[in-house]
Amino acid sequence: MSGIDPDLFVSIARVTRPQGLKGAVRIRIDFDAPQLFARGQAVILSLRERRVETVFDECRAQHGRWVAKLDAIGSIDDAEKWVGAELLIPRAQLPPAGEGAFYSFELEGCRVYGHGRYVGTVTGIEASGDTDLLRVEDEGNEVLIPFVHAFLKGVDMEEKRIDMELPDGLVELNRRK
């Protein structure tokens, strides 16, 4: 999101491909919050250094995929130019995550502990198929840790602490310098 402050904006979806001839696009949705995709919802379409303010004309599920029509995209040629683009909104527009819940981007800055031992601090989240990976750094070393329920013991957002039961050798195996 070069040029867009990630502390102020968040990606709610990504354009994956054109859909049809009139400028509709398939999108991968990152949030299960229908109000974010309602007709008239303003978003910023962002791809590399290009940004356009636009609104949803329509967004619907179709055959297990999401299809959106944005007023800034009027043709299949326009749609092809925006493949890979993120749809951004101000973070302040996100609905509350709910009691005991959190958004994955809120994990940045949390300290990670494996079996009670400090592993490092979350510096980012990487989407990897169905599983997010925590990018965790300590003293210049980086490790990617799958953020999966099987490893998770608890998250304390007030303390910015994540406790995990990591398989033996996972940290050493995934460590990058």
Side-chain angles (χ1 to χ4, degrees), residues 1-20 23-73 78-110 112 121-136 144-152 154-162 164:
M1 286 193 300
S2 177
I4 297 277
D5 187 341
D7 291 332
L8 300 177
F9 290 86
V10 65
S11 175
I12 61 168
R14 183 177 299 274
V15 175
T16 60
R17 62 173 287 194
Q19 173 74 30
V25 292
R26 285 191 194 168
I27 59 174
R28 187 196 77 228
I29 291 179
D30 295 327
F31 289 95
D32 185 20
Q35 66 271 33
L36 297 178
F37 305 94
R39 181 184 192 96
Q41 168 68 43
V43 293
I44 297 172
L45 194 57
S46 176
L47 182 64
R48 292 182 280 286
E49 298 302 315
R50 284 189 300 160
R51 284 175 196 74
V52 172
E53 291 184 31
T54 187
V55 297
F56 282 102
D57 289 336
E58 177 183 17
C59 189
R60 68 185 187 285
Q62 181 180 10
H63 307 296
R65 300 179 194 96
W66 286 95
V67 177
K69 181 67 179 93
L70 300 162
D71 75 348
I73 301 177
D78 289 344
E80 287 173 349
K81 294 173 187 171
W82 288 105
V83 170
E86 293 178 294
L87 299 174
L88 308 173
I89 64 167
R91 283 191 182 199
Q93 287 183 7
L94 284 176
E99 184 69 32
F102 51 85
Y103 291 114
S104 60
F105 65 79
E106 294 176 307
L107 297 173
E108 290 185 34
C110 287
V112 177
T121 301
V122 178
T123 59
I125 315 299
E126 292 186 21
S128 176
D130 292 334
T131 302
D132 286 339
L133 298 173
L134 301 178
R135 193 174 35 224
V136 178
L144 296 176
I145 298 175
F147 191 64
V148 294
H149 187 58
F151 297 166
L152 188 62
V155 175
D156 185 334
M157 291 307 292
E158 284 186 24
E159 295 291 322
K160 300 290 282 181
R161 180 181 174 120
I162 302 170
M164 304 184 85

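Taking each heavy atom of Pro95 and Ala33 in turn, the nearest pair found is CG-CB, 3.9 Å. The minimum heavy-atom distance between Thr131 and Pro146, with the atom names listed, is CG2-CB, 4.1 Å. Closest of all the heavy-atom pairs between Cys59 and Trp66 is SG-CE3, 3.9 Å. Taking every heavy atom of both residues into account, Met157 and Cys110 meet most closely at SD-SG, 4.4 Å. Nearest approach of Val55 to Ala42, heavy atoms of both residues: CG1-CA, 3.8 Å. When all heavy atoms are compared, the tightest approach of Gln35 to Gln41 is O-OE1, 3.6 Å.
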Test side-chain contact (heavy atoms from CB on, under 4.5 Å) applied to Ile27 and Val25, step by step: CA-CA 6 Å; Ile27 59 174; Val25 292; 4.0 Å; yes
Pair Arg135-Glu126, salt bridge (Lys or Arg N to Asp or Glu O under 4.0 Å): steps then yes or no: CA-CA 7 Å; Arg135 193 174 35 224; Glu126 292 186 21; 3.1 Å; yes
Verdict with supporting geometry, Arg65 and Gln19, side-chain contact (heavy atoms from CB on, under 4.5 Å): CA-CA 11 Å; Arg65 300 179 194 96; Gln19 173 74 30; 5.7 Å; no
Verdict with supporting geometry, Arg91 and Phe105, side-chain contact (heavy atoms from CB on, under 4.5 Å): CA-CA 10 Å; Arg91 283 191 182 199; Phe105 65 79; 2.9 Å; yes
Verdict with reasoning, Ile12 to Asp30, per side-chain contact (heavy atoms from CB on, under 4.5 Å): CA-CA 5 Å; Ile12 61 168; Asp30 295 327; 5.6 Å; no
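For the pair Arg17 and Trp82, the NZ or CZ position fails the cation-pi test of under 6.0 Å to the six-membered ring centre and within 45 degrees of the ring normal. Judged by the 6.0 Å distance and 45° axis criteria, Arg60 is not positioned over the aromatic ring of Phe37.
Using a 4.5 Å heavy-atom cutoff, the side chains of Ile125 and Leu134 are in contact. Leu133 places none of its side-chain heavy atoms less than 4.5 Å from the side chain of Ile145. Within the 4.5 Å cutoff, the side chain of Leu47 has no heavy atoms near those of the Val83 side chain. A 4.5 Å side-chain heavy-atom check between Arg39 and Phe56 finds every atom pair outside the cut-off. Looking at heavy atoms from C-beta onward, Asp57 lies out of side-chain contact with Leu70 at the 4.5 angstrom threshold. Side-chain contact check for Val136 versus Thr121: every heavy-atom pair is 4.5 Å or farther apart. Using a 4.5 Å heavy-atom cutoff, the side chains of Leu94 and Phe31 are in contact.
Rounding to the nearest 0.5 angstrom, the gap separating the CG atom in Asp132 from the CG atom in Leu144 is 11.5 Å. Note that the CZ atom of Arg14 and the CD atom of Glu86 stand 4.5 Å from one another [nearest 0.5 Å].
In this structure, Glu53 places its CD atom where only 12 or fewer heavy-atom neighbours from other residues, nucleotides or ligands lie under 6.0 Å away.
Under the 3.5 Å distance criterion, the side-chain polar atoms of Lys160 are matched with a main-chain donor or acceptor of Glu108. Under the 3.5 Å distance criterion, the side-chain polar atoms of Thr16 are matched with a main-chain donor or acceptor of Arg26. No donor-acceptor pair under 3.5 Å is formed between the side chain of Asp156 and the backbone N or O of Arg161.
Put simply, the residue from Val52, Ile89, Leu88 that forms a side chain to side chain contact (heavy atoms under 4.5 Å, CB included) with Ile44 is Leu88.
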